[in-house]
Amino acid sequence: MSKPDLSDLLHAAVEAVGGTERPGQVAMAHAVADAVEDGSHLLVQAGTGTGKSLGYLVPVLAQGDRAVIATATLALQRQLVERDLPRTVDALHPELRRRPEFAMLKGRSNYLCLHRLHEGVPQDEEEGLFDPFEAAAPTSKLGKDLLRLRDWSDDTETGDRDDLTPGVSDRAWAQVSVSARECLGASRCAYGAECFAEAARERAKLAEVVVTNHALLAIDAIEGAPVLPNHDVLVVDEAHELVSRVTGVATGELTPGGVNRAVRRVAKLVDEKAADRLQTASEGFERLMELALPGRLEEIPEDLGYVLAALRDAARLCITALGDTRDRSVQDEDAVRKQAMASIESVHDVAERLTHGSEYDVVWCERHDRWGASLKVAPLSVSGLLREKLFEDRSVVLTSATLKLGGDFDGVGASLGLAPEGRQARQAQEAQESEEESVEDAELPRWRGLDVGSPFDYRKQGILYVAKHLSPPGREGSRSDMLDELSELVEAAGGRTLGLFSSMRGAQAAAEALRGRLEMPILLQGEETLGELIRTFAEDPETCLFGTLSLWQGVDVPGVNCQLVVMDRIPFPRPDDPLTSARQKAVEEGGGNGFMAVAATHAALLMAQGAGRLVRAAGDRGVVAVLDPRLERARYGSFLRASMPDFWYTTDRNQARRSLAAIDAAARADG
């Protein structure tokens, strides 16, 4: 029987989900099919409205290989599992003559633990050994959440936290969930046969397509113990987030509170000598951290090194003791021991990593007004890890609306451990001419980048306005001329404004200033839940919404209610951020431009994402206003502008205000 035509399959799937077939989507589907077929790797930029999920789902399902799809956000995971995959499978079934199974898989702590639910949480002695369901007042928020979780456990088929609506607090969920380290294991747990997490794993093992998140993908790569089922194809959607999520998973942290919690959990299960040694080491660490100043530690100070070594050795002794002894007098001893072992292993692993002192790690201290001091360690780069763990033994497709920065894929490719496309082509040509390939070249993953464009006509739908007449932003202090400009733009737009600020302080100052000048409502991130803020913003055209990072990447409000997107300044990372500055320095020591490779690339990605909030549908019109003259004046400005959608460009403030007023008038006439 002949193989079904990919274009026909895509057409059927697009009709099934009620979408519109786009040329970029067709090009993407064929490129993905080619990559899957020959086992190569593909970076594909697909602008908003392309329909990229079907652009990879259809060729992956048609090929029939086992596939994992990893996304950064819950919203996209839900869209794939609840909408796109069911409809696509139904649409392709007549042609494929099979019905591919799919499943969602998350980390264990995302699922309700029946052992915790029914047997109670192993509590620290100082917190009291009690059943939280009995102890929490039924009229309190925690008590109500716990009672609702108990009722929900009888009805849910998945035990997935995200299926509980409305949700519960992190504190309540912690009472009924476990980490992978705390889990007793299905064979040793009285509820193993009914376990929601185990059931999800079994469904994933049987599925042809598994949908997961970047964090679980990172854990699968970093920790060595496979979490995801074997697969031939990996699709990373929202791939611009991958490096950040992998870095987060690979970051270790030690806090006095976390160490003290481990001490309390371990002390009742080990001999007095081991417990005393751990207690002494913990007190020494806490004393030092009380005096610690925030910032990077290029070398571990001698006194801190001594304390960390003592903490590591004491933790190792307790781990050995926990493995050697059993106390059957402790009720539900296995669960208590598992929780204690998880806590002390975490302390040991981070202390060991810190004392080992790798040149590939960055160590720094942070201070938090509420939580106090913490010691953190993160990889200087995750590119080598990704090159080794991500691109071996499978075809990888990475896609996002923002992968080309400054006009090419090389910046994002480098962060993923991929050689620049030009260098890769030269190496392939040289290898072909010499009829041999060096070991170094053979180890570099072969990939190509593809930009399939966007269905939107950005030059007709949007304007990029840079306020070059303003004073450049300083590190501190108010920018009165920027606030004046912002007020005039918002007034011209009749509200309808999404304000993206590089700091919470900046967003608060702008909201306070404009509330005193304008009559339209100004919503501020943090004053209500993000979901409620976005809902209100989407319903009232005169409303403005101001906020920080999660708004740059998380707001999807098509139509007339968002016709002005404002960025107060270029979102460079803080110059005193330890990890950023260390990465920048490493690039410079290697002969590169650290500012462009790290700070400018970071800013370009955010600006591309922020500008992408404006045009979300074919009928959208509006202005992206950047109130930072450096975007026009500085040498790196052209790189940042080339990373954004191709809007019509101007620095004429009068033109920007006239355009906003005309767009507002048209919206009011239509409304």
Side-chain angles (χ1 to χ4, degrees), residues 24-25 27-36 38-48 50 52 55-56 59 70-72 214 233-247 381-388 390-391 394-429 441 443-454 458 553 583 587 592-609 611-612 636 638-646:
Q25 185 184 55
M28 178 180 178
H30 284 280
V32 171
D34 291 343
V36 171
D38 64 20
S40 61
H41 310 302
L42 176 70
L43 271 65
V44 54
Q45 175 165 291
T48 304
T50 302
K52 60 181 167 57
Y56 59 73
T71 77
H214 288 182
V233 179
L234 170 64
V235 178
V236 182
D237 204 338
E238 302 174 311
H240 62 277
E241 288 274 11
L242 183 62
V243 169
S244 172
R245 301 300 171 99
V246 172
T247 300
S381 170
V382 295
S383 59
L385 173 71
L386 291 171
R387 180 172 58 244
E388 178 187 350
L390 209 66
F391 295 99
R394 57 185 168 186
S395 176
V396 182
V397 175
L398 299 109
T399 184
S400 167
T402 47
L403 288 180
K404 280 179 77 173
L405 301 179
D408 60 48
F409 291 94
D410 288 346
V412 170
S415 70
L416 298 166
L418 302 172
E421 282 192 283
R423 175 181 155 198
Q424 180 181 241
R426 287 195 304 274
Q427 288 172 343
Q429 180 66 31
D441 293 347
E443 290 176 351
L444 292 173
R446 300 296 182 195
W447 67 282
R448 77 179 182 105
L450 173 67
D451 181 2
V452 300
S454 168
Y458 285 118
Q553 299 176 294
R583 288 176 169 175
V587 172
N593 186 324
F595 171 78
M596 291 302 295
V598 180
T601 296
H602 171 92
L605 183 59
L606 275 179
M607 295 191 81
Q609 286 284 311
Y636 52 76
S638 58
F639 170 80
L640 298 176
R641 295 197 304 271
S643 305
M644 300 167 73
D646 185 27

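For clarity, every value in this text was computed on a predicted model and none was experimentally measured. The first residue in the sequence is number 1, and the count goes up from there. Just the heavy atoms: all of them, side chains too, but no hydrogens, waters or symmetry mates, feed the values below.
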For side-chain contact (heavy atoms from CB on, under 4.5 Å), just list the numbers for Leu605 and Thr402, CA-CA rounded to whole Å, side-chain angles, deciding distance to a tenth of an Å, and then say yes or no.
-> CA-CA 7 Å; Leu605 183 59; Thr402 47; 3.7 Å; yes
Kindly indicate, with the supporting measurements, whether the criterion side-chain contact (heavy atoms from CB on, under 4.5 Å) is fulfilled by Val44 and Leu398.
-> CA-CA 6 Å; Val44 54; Leu398 299 109; over 6 Å; no
Using the side-chain contact (heavy atoms from CB on, under 4.5 Å) rule, take Leu418 and Leu43 through it: C-alpha gap first, then chi angles, then the decisive distance, then the call.
-> CA-CA 11 Å; Leu418 302 172; Leu43 271 65; 3.7 Å; yes
Audit row: Arg583, Ser415, side-chain hydrogen bond (donor to acceptor under 3.5 Å, both in side chains) steps and yes/no | CA-CA 11 Å; Arg583 288 176 169 175; Ser415 70; over 6 Å; no
Begin with the C-alpha distance, continue with both residues' side-chain angles, and end with the deciding distance and a verdict on side-chain contact (heavy atoms from CB on, under 4.5 Å) for Leu405 and Phe639.
-> CA-CA 7 Å; Leu405 301 179; Phe639 170 80; 4.2 Å; yes
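Counting heavy atoms from C-beta outward, Leu42 and Arg448 have side chains that approach closer than 4.5 Å. Contact check for Met607 versus Ser643: no side-chain heavy atoms found under the 4.5 Å cut-off. Val397 is not listed as a side-chain neighbour of Leu234, based on a closest heavy-atom distance of 4.5 Å or more. Two residues are said to be in side-chain contact when any heavy atoms from C-beta on lie closer than 4.5 Å; Leu242 and Glu238 fail this criterion. Within the 4.5 Å cutoff, the side chain of Val32 has no heavy atoms near those of the Asp34 side chain.
If you take CG on Leu385 and CZ on Arg387, they are separated by 10.0 Å, rounding to the nearest 0.5 Å. A distance of 12.5 Å separates CG of Asp38 from CZ of Arg446, quoted to the nearest 0.5 Å. How far CG of Asp451 is from CG of Asp408: 11.5 Å, rounded to the nearest 0.5 Å.
Phe391 is linked by a ring-ring contact (aromatic ring centres under 6.0 Å, His included) to His41, counting only residues two or more places apart in sequence or in another chain. Annotation: side chain to side chain contact (heavy atoms under 4.5 Å, CB included) contacts of Ala46 (sequence neighbours excluded): Met28, Thr50, Lys52, Thr399, Val452. Under the rule for a side chain to side chain contact (heavy atoms under 4.5 Å, CB included), the partners of Asn593 that lie at least two apart in sequence or sit in another chain are Phe595, Met596. Residues satisfying the side-chain hydrogen bond (donor to acceptor under 3.5 Å, both in side chains) criterion with Ser638, sequence neighbours excluded, are absent altogether. For the side chain to side chain contact (heavy atoms under 4.5 Å, CB included) test, residues two or more places apart in sequence or in another chain that qualify with Ser383 are Ser381. With sequence neighbours left out, the salt bridge (Lys or Arg N to Asp or Glu O under 4.0 Å) criterion links Asp646 to Arg459.
Nearest approach of Arg245 to Ala72, heavy atoms of both residues: NH1-O, 3.0 Å. Closest heavy-atom contact between Leu450 and Ala27: CD2-O, 4.2 Å. Among all heavy-atom pairs drawn from Ser395 and Ser40, the shortest one is OG-O, 2.6 Å. Here the closest non-hydrogen pair linking Gly47 and Ala401 is CA-CB, 4.3 Å.
Remark: side-chain polar atoms of Trp447 are paired, donor with acceptor, to backbone N or O of Ala419 under 3.5 angstrom. For the pair Gln45 (side chain) and Leu403 (backbone), a donor-acceptor distance under 3.5 Å is present. Side-chain atoms of His214 come within 3.5 Å of backbone N or O of Asp237 as a donor-acceptor pair.
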